[in-house]
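The analysis underlying the following values was restricted to heavy atoms, covering all of them including side chains, and did not include hydrogens, waters or symmetry mates.
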Amino acid sequence: MARPGIIRTVGAHDAMSGKLIEQSGFDAIWASGFGISASLKCIPDGSFLTMTEQLDVTKNIAEAVDIPVIADCDTGFGNALNVKRTVQDYEKAGIAGICIEDNVFPKRCSFYAGVRRELISPEEHAGKIRAAKSAQLSPDFVVIARTEALIAGWGQEEALRRAEAYAEAGADAVLIHSKSPTFDELRRVARQWSGRVPLVVVPTIFQSVAAEELEQHGFKIVIFANQVIRTAIKAMRDTLEVLRRENRAEAVSDRMVALKEVYDLVGVTKMEEDERRFLPVGTERITAIIAAAGFEKQLLPLIQDKPKCLLDIKGKTILERQVAALNELNIKDIAVIRGYQKEKIALPNLRYYDNDRYEDTGELVSIFCAENELKGRCLLLYSDIIFEIGILEKLLKSPADLTIVVDHAWVDHHQLPRPHVNPDLVLLDKPPASSYRFVPPDGLNRLVRIGQQLNPDEAHGEFIGLAMLSERGTEALKAAYTKAATNHPAPFHEAPSLAKASLTDLLQELVDRGETISCLAIYKGWMEVDTFEDYQQAWAELKK
């Protein structure tokens with residue numbers, strides 16, 4: 001505002017149009033209420049959007065650009081007290097200024113023909129201006145007062161009277177709107193203006209007048225308010241017509257920018273540079289912890305001379321299959337907790353921790369033998385499961401702090417003869433639909449109960465022994481275990497003591513403490529080698 005020359009401002013309806021306006025060399029952006037209503041909801045500009053909806057889009061524009069953004073705030077979203085809140089929220093969002101008009105609420109776009117046109121009193125709108133100026137924190141925040149007196153047909157004298165009142169109330173600039181097809185009406189108004197604050201103009205109808213001429217007549221800001229969205233609509237219609245007629249993507253190739261231009265516009269190049277600068281080579285570091293200490297006598301004599309994880313299935317042990325799956329997804333930090341016949345587990349490039357009390361303790365004690373590995377993102381898995389790699393891929397994408405994998409095939413098949421021993425059953429907050437056809441639900445379900453003592457007829461699924469923890473989830477797991485070790489009396493959930501507890505007991509403890517444990521739904525795609533029959537089935541079904 002302090003620099004010489006007219007400020008050339010163009011209306012944006014989203015962050016991308018704002019970025020293009022900036023790249024084209026304009027001075028500022030008009031966050032158009034007309035454009036935002038049309039693009040966000042495809043509805044008229046008639047006070048149908050809430051302040052939050054308009055502010056969200058305007059904030060996105062401001063974050064995408066470095067030039068000032070002026071927000072079209074219609075009537076200020078209410079009375080003078082609402083205007084104070086509007087200023088506070090928009091200023092916090094990084095907006096350079098707002099424009100509020102003296103239409104009644106709900107407002108109607110200035111150029112809608114045949115709609116009722118009423119204005120509030122100049123005294124009421126002056127009160128809004130004073131409220132706006134009292135609410136701003138930065139002296140650089142700009143409040144533009146807009147009068148619709150010419151639009152309403154109330155004449156130049158009323159328009160000037162109102163403009164003077166708004167300037168007197170503290171407005172930093174005044175926008176006198178006009179729908180005359182020529183510049184003549186506003187030219188006469190500008191000649192009579194006192195000049196106490198700068199004038200703003202929106203040449204939507206009188207399109208032939210240039211910014212230089214507007215500047216000569218005393219206008220400081222020119223707003224080309226809706227040309228971008230209107231030309232965008234035409235371009236989209238033309239493209240769609242060609243596509244419909246030709247049915248070939250190539251038919252519109254001459255109308256499109258190259259994908260690289262889109263990538264440059266939205267910052268892909270910068271993202272790639274930041275990845276090279278700040279991220280380690282490969283994916284985010286994830287530590288996998290495999291609990292392999294236990295001894296299951298029901299598998300004798302198969303495990304007479306080796307631990308269960310070293311059972312060979314068509315040329316590969318269970319542990320080798322697990323390590324290969326982890327490595328394929330670039331998980332190379334792998335820790336194994338050994339116990340029974342520990343010296344037999346000696347695969348290279350793994351870190352080992354020993355639970356020499358494996359006969360007297362449960363898997364939870366084994367896991368915490370590797371407590372030094374419990375930091376950052378962690379993957380916990382039982383050493384007797386074989387799974388499709390797609391399950392692991394889905395689990396790694398979970399945004400939750402604690403996620404377990406739950407097989408919903410239990411719901412359909414648990415009444416069939418099963419050699420499975422003591423499955424870990426789960427209850428969910430949203431039970432799966434009972435159908436032989438399984439469609440994964442949108443998003444993640446929430447764990448309510450987990451354990452081996454749940455009623456099988458009421459269970460919603462089976463925990464397969466695979467869990468993912470975020471950094472926060474890992475800390476929550478450790479905190480719960482530490483607190484249980486010092487304060488929790490025996491028994492510990494389904495276990496007679498914490499020393500005999502399973503991972504599921506600690507998961508239930510977390511749920512009881514108010515932690516959310518998310519459940520990734522699957523339908524089959526895994527095996528557990530828990531009995532001799534399981535081992536036979538694995539040999540029969542697995543490919544090399």
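- Inter-residue side-chain proximity for C99 and L175 is flagged as met; some heavy-atom pair is nearer than 4.5 Å.
- Residues Y166 and R146 have side chains not in contact (no heavy-atom distance under 4.5 Å, counting atoms from C-beta outward).
- Here the side chains of L49 and I43 are in contact, with some heavy-atom distance below 4.5 Å.
- If you take CG on D429 and NE2 on H460, they are separated by 9.5 Å, rounding to the nearest 0.5 Å.
- Between E393 and K397, no side-chain nitrogen of the basic residue sits less than 4.0 Å from a carboxylate oxygen of the acidic one, so the salt-bridge criterion is not met.
- A side chain to side chain donor-acceptor pair (under 3.5 Å) with R161 is found for exactly one of E164, E158, E157, namely E158.
- In this structure, the side chain of D72 engages the main chain of D74 through a donor-acceptor pair within 3.5 Å.
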- Task: Show your working on side chain to side chain contact (heavy atoms under 4.5 Å, CB included) between V209 and H217 and close with a plain yes or no.
- Result: CA-CA 11 Å; V209 62; H217 287 84; over 6 Å; no
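- In this structure, C519 SG and L402 CG are separated by 10.5 Å, a value rounded to the nearest 0.5 Å.
- Remark: the backbone N or O of G78 is paired with a side-chain donor or acceptor of K128 at under 3.5 angstrom.
- Annotation for E471: atom CD does not count as buried by contact number, only 12 or fewer foreign heavy atoms lying within 6.0 Å.
- The pair E213-R187 counts as a salt bridge, with a side-chain nitrogen and a carboxylate oxygen less than 4.0 angstrom apart.
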- Item | I229/S32 under side chain to side chain contact (heavy atoms under 4.5 Å, CB included): CA gap, chis, key distance, verdict | CA-CA 10 Å; I229 192 169; S32 165; over 6 Å; no
- Message: Before you tell me yes or no, could you show the steps for M1 and I7 under side chain to side chain contact (heavy atoms under 4.5 Å, CB included), namely the whole-Å CA-CA distance, both residues' side-chain angles and the distance that decides it to 0.1 Å?
- Response: CA-CA 8 Å; M1 295 287 283; I7 299 171; 3.9 Å; yes
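- Across all their heavy atoms, E101 and N103 have their closest contact at OE2-ND2, 2.8 Å.
- Checked for salt-bridge contact, D238 and K234 meet the test: a charged N lies under 4.0 Å from a carboxylate O.
- Between D56 and K59 there is no salt bridge, since none of the side-chain N atoms of the basic residue sits less than 4.0 Å from a carboxylate O of the acidic one.
- Although no hydrogens or angles enter the test, the distance criterion places no donor-acceptor pair under 3.5 Å between the side chain of Q156 and the main chain of R188.
- Distance alone, capped at 3.5 Å, is enough to place a donor-acceptor pair between the D172 side chain and the V143 backbone.
- Rounding to the nearest 0.5 Å gives a distance of 7.5 Å between CD1 of I21 and CD1 of I61.
- Using a 4.5 Å cut-off on side-chain heavy atoms (C-beta onward), F206 and L186 make contact.
- Counting heavy atoms from C-beta outward, E515 and R472 have side chains that approach closer than 4.5 Å.
- Minimum interatomic distance between A149 and R162 (heavy atoms only, all atoms of both residues): CB-CD, 4.1 Å.
- Looking at K19, its side chain does come within 3.5 Å of a backbone N or O of A64 through a donor-acceptor pair.
- D102 and T147 share a side-chain donor-acceptor pair at under 3.5 Å.
- Summarising the geometry of A12 relative to I36, their closest heavy-atom pair is O-CG1, 4.5 Å, with the distance given to 0.1 Å.
- Residue R237 holds its CZ atom at 6.5 Å from CD1 of I233, rounded to the nearest 0.5 Å.
- Residues L392 and E328 fail the side-chain proximity criterion, which asks for heavy atoms closer than 4.5 Å.
- A side-chain donor-acceptor contact under 3.5 Å links S134 to the backbone of A131.
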- Intermediate values then yes/no, side chain to side chain contact (heavy atoms under 4.5 Å, CB included), S178 and I176: CA-CA 7 Å; S178 170; I176 303 175; over 6 Å; no
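- Contact check for I450 versus I404: side-chain heavy atoms found under the 4.5 Å cut-off.
- Heavy-atom minimum distance, L469 versus G473: CB-C, 4.1 Å.
- Between T58 atom OG1 and I70 atom CD1 the span is 12.0 Å, to the nearest 0.5 Å.
- With hydrogens and angles ignored, the 3.5 Å screen pairs a side-chain donor or acceptor of Q227 with a backbone N or O of A225.
- Panel note: side chain E22, backbone D66; a donor-acceptor pair is recorded below 3.5 Å.
- Taking every heavy atom of both residues into account, A480 and L510 meet most closely at CB-CD2, 3.7 Å.
- Listed for the K220 side chain is a donor-acceptor partner under 3.5 Å among the backbone atoms of G5.
- Using modelled atom types, one side-chain atom of D407 and one backbone atom of K524 make a donor-acceptor pair closer than 3.5 Å.
- To the nearest 0.5 Å, the span separating CG on L243 from CZ on R255 amounts to 9.0 Å.
- Side-chain contact check for T86 versus I100: every heavy-atom pair is 4.5 Å or farther apart.
- Of all non-hydrogen atoms in A71 and Y90, the two that sit nearest each other are CB-CE2, 3.4 Å.
- A side chain to side chain contact (heavy atoms under 4.5 Å, CB included) with I464 holds for exactly one of L381, I522, D424, V406; it is I522.
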